[in-house]
Amino acid sequence: MENWQKDIAEIIETVADEVDRFFLGMGEMVDAFFELTEEITDQLQNTIAVEVDQYLQDLAEPILEVYWELEEVVGDVDPAFPYSVEASPQQNPACIGCRNYHGQVYGGNLLVCAMHPQGYEDETCPDWEQQDLGFRDEDF
């Protein structure tokens, strides 16, 4: 092979090596760039998420306090929905512990039980039955 052909082959080989090194270096730079952006993204996401969460909490807290205060004033029962009322010594004392006691308020009207929808006036009810607590004699 002539000298000039040998020089061209060496030049081509040198260029190929340099191109290889260039692309290896670029690959390392791209990898480093992606790692750096991933770290920055994680830090920003954590920081921003915490700050946004705190901001929303600071924003919502006074609104919720007002809501809870209003709920205490208005009452925590919506008259449109049924709710329970326990029998007490002041209201329906004859029904305390009775299995027939229903004690649900519908549209503002208390349904005490099926036998006595308005409740029984005396201290003892003739239809009173012991409430079943789910215990069996074997349990004792």
Side-chain angles (χ1 to χ4, degrees):
M1 205 191 286
E2 289 187 33
N3 218 9
W4 68 271
Q5 289 176 333
K6 196 177 197 182
D7 289 342
I8 289 178
E10 286 178 10
I11 291 171
I12 290 174
E13 200 173 298
T14 304
V15 168
D17 287 343
E18 290 298 320
V19 168
D20 259 357
R21 259 190 258 133
F22 172 77
F23 282 115
L24 284 174
M26 286 300 290
E28 290 172 2
M29 286 178 54
V30 167
D31 288 344
F33 176 74
F34 280 126
E35 286 178 20
L36 180 66
T37 56
E38 188 174 303
E39 288 176 20
I40 291 172
T41 302
D42 287 343
Q43 289 177 356
L44 284 175
Q45 188 174 24
N46 289 338
T47 303
I48 290 174
V50 168
E51 287 181 12
V52 167
D53 185 44
Q54 184 64 41
Y55 175 75
L56 290 175
Q57 188 174 4
D58 292 345
L59 184 66
E61 196 170 292
I63 295 170
L64 290 174
E65 285 179 20
V66 169
Y67 174 76
W68 295 124
E69 288 174 9
L70 282 176
E71 190 175 64
E72 289 174 6
V73 170
V74 173
D76 54 359
V77 179
D78 186 355
F81 294 100
Y83 59 93
S84 297
V85 174
E86 292 292 324
S88 66
Q90 295 79 24
Q91 184 178 9
N92 301 310
C95 304
I96 296 174
C98 180
R99 84 168 43 211
N100 298 317
Y101 182 73
H102 183 64
Q104 294 287 316
V105 176
Y106 300 95
N109 298 312
L110 174 64
L111 175 59
V112 176
C113 70
M115 282 76 68
H116 308 282
Q118 303 299 320
Y120 199 74
E121 296 297 322
D122 291 338
E123 290 285 324
T124 57
C125 175
D127 298 306
W128 190 90
E129 293 180 24
Q130 176 69 38
Q131 187 175 12
D132 183 18
L133 299 176
F135 296 116
R136 297 175 300 201
D137 289 337
E138 303 91 56
D139 294 337
F140 295 103

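Scope of the values below: all heavy atoms of this structure, side chains included, with no hydrogens, waters or symmetry mates.
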K.L.:
Who passes side chain to side chain contact (heavy atoms under 4.5 Å, CB included) against Glu10, sequence neighbours left out?
P.N.:
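Partners of Glu10 under the side chain to side chain contact (heavy atoms under 4.5 Å, CB included) test: Lys6, Asp7.
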
K.L.:
Pairs in or reaching into residues 101-110: which pass salt bridge (charged side-chain N to carboxylate O under 4.0 Å, His left out), with residues at least two apart or in two chains?
P.N.:
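Listed once each, the pairs would be none.
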
K.L.:
Hydrophobic cluster mates of Trp4, side-chain heavy atoms under 4.5 angstrom, ILVMFWY only, any path?
P.N.:
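Cluster partners of Trp4: Ile8, Ile12.
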
K.L.:
Please find the pair of heavy atoms, one from Leu59 and one from Pro62, that lie closest to each other, and give the distance.
P.N.:
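Between these two residues, the closest heavy atoms are O-CD, 3.5 Å.
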
K.L.:
Using side chain to side chain contact (heavy atoms under 4.5 Å, CB included) as the criterion, list what pairs up with Ser88, not counting sequence neighbours.
P.N.:
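Side chain to side chain contact (heavy atoms under 4.5 Å, CB included) list for Ser88, sorted by chain: Gln90, Gln91.
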
K.L.:
Name the atoms and distances for all side-chain donor-acceptor pairs under 3.5 Å in residues 114-127, with sequence neighbours left out.
P.N.:
unit_1: His116; atom_1: NE2; unit_2: Asp127; atom_2: OD2; d: 2.7

K.L.:
Distance from Cys98 atom SG to Ile96 atom CD1, nearest 0.5 Å?
P.N.:
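That separation rounds to 11.0 Å.
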
K.L.:
Determine which pairs satisfy side chain to side chain donor-acceptor pair (under 3.5 Å) with at least one residue from residues 47-65, sequence neighbours left out, and list them in order.
P.N.:
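Side chain to side chain donor-acceptor pair (under 3.5 Å) check on residues 47-65 returns Gln54-Asp58.
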
K.L.:
Met29: what forms a side chain to side chain contact (heavy atoms under 4.5 Å, CB included) with it, not counting sequence neighbours?
P.N.:
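Result, side chain to side chain contact (heavy atoms under 4.5 Å, CB included) vs Met29: Met26.
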
K.L.:
Of all heavy-atom pairs between Gly97 and Trp128, which one has the smallest distance, and what is that distance?
P.N.:
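It is O-CZ2, 3.6 Å.
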
K.L.:
Can you list every salt bridge (charged side-chain N to carboxylate O under 4.0 Å, His left out) pair that touches residues 96-108, not counting sequence neighbours?
P.N.:
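Every pair satisfying salt bridge (charged side-chain N to carboxylate O under 4.0 Å, His left out) with a residue in residues 96-108: Arg99-Glu129.
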
K.L.:
Would you give me the side-chain donor-acceptor pairs under 3.5 Å for residues 31-42, sequence neighbours excluded?
P.N.:
unit_1: Thr37; atom_1: OG1; unit_2: Phe33; atom_2: O; d: 3.1
unit_1: Thr37; atom_1: OG1; unit_2: Phe34; atom_2: O; d: 3.0
unit_1: Thr41; atom_1: OG1; unit_2: Thr37; atom_2: O; d: 2.6

K.L.:
Any salt bridge (charged side-chain N to carboxylate O under 4.0 Å, His left out) pairs touching residues 17-29, not counting sequence neighbours?
P.N.:
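Listed by first then second residue: Glu18-Arg21.
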
K.L.:
Apply side chain to side chain contact (heavy atoms under 4.5 Å, CB included) to Ile48 and list each qualifying residue two or more places apart in sequence or on a separate chain.
P.N.:
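Partners of Ile48 under the side chain to side chain contact (heavy atoms under 4.5 Å, CB included) test: Leu44, Val52.
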
K.L.:
Heavy-atom distance under 4.5 Å between the side chains of Leu110 and Asn92, does that happen here?
P.N.:
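The answer is yes; the side chains approach within 4.5 Å.
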
K.L.:
Check for me, please, whether Ile11 and Val19 land in the same ILVMFWY cluster - side-chain distances under 4.5 Å, paths through other members count.
P.N.:
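In one cluster: yes.
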
K.L.:
I need the full list of salt bridge (charged side-chain N to carboxylate O under 4.0 Å, His left out) pairs touching residues 101-110, with sequence neighbours left out, sorted by first then second residue.
P.N.:
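Listed once each, the pairs would be none.
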
K.L.:
Heavy atoms only: give me the nearest Tyr101-Ala87 pair and the separation to one decimal.
P.N.:
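The answer is OH-N, 3.4 Å.
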
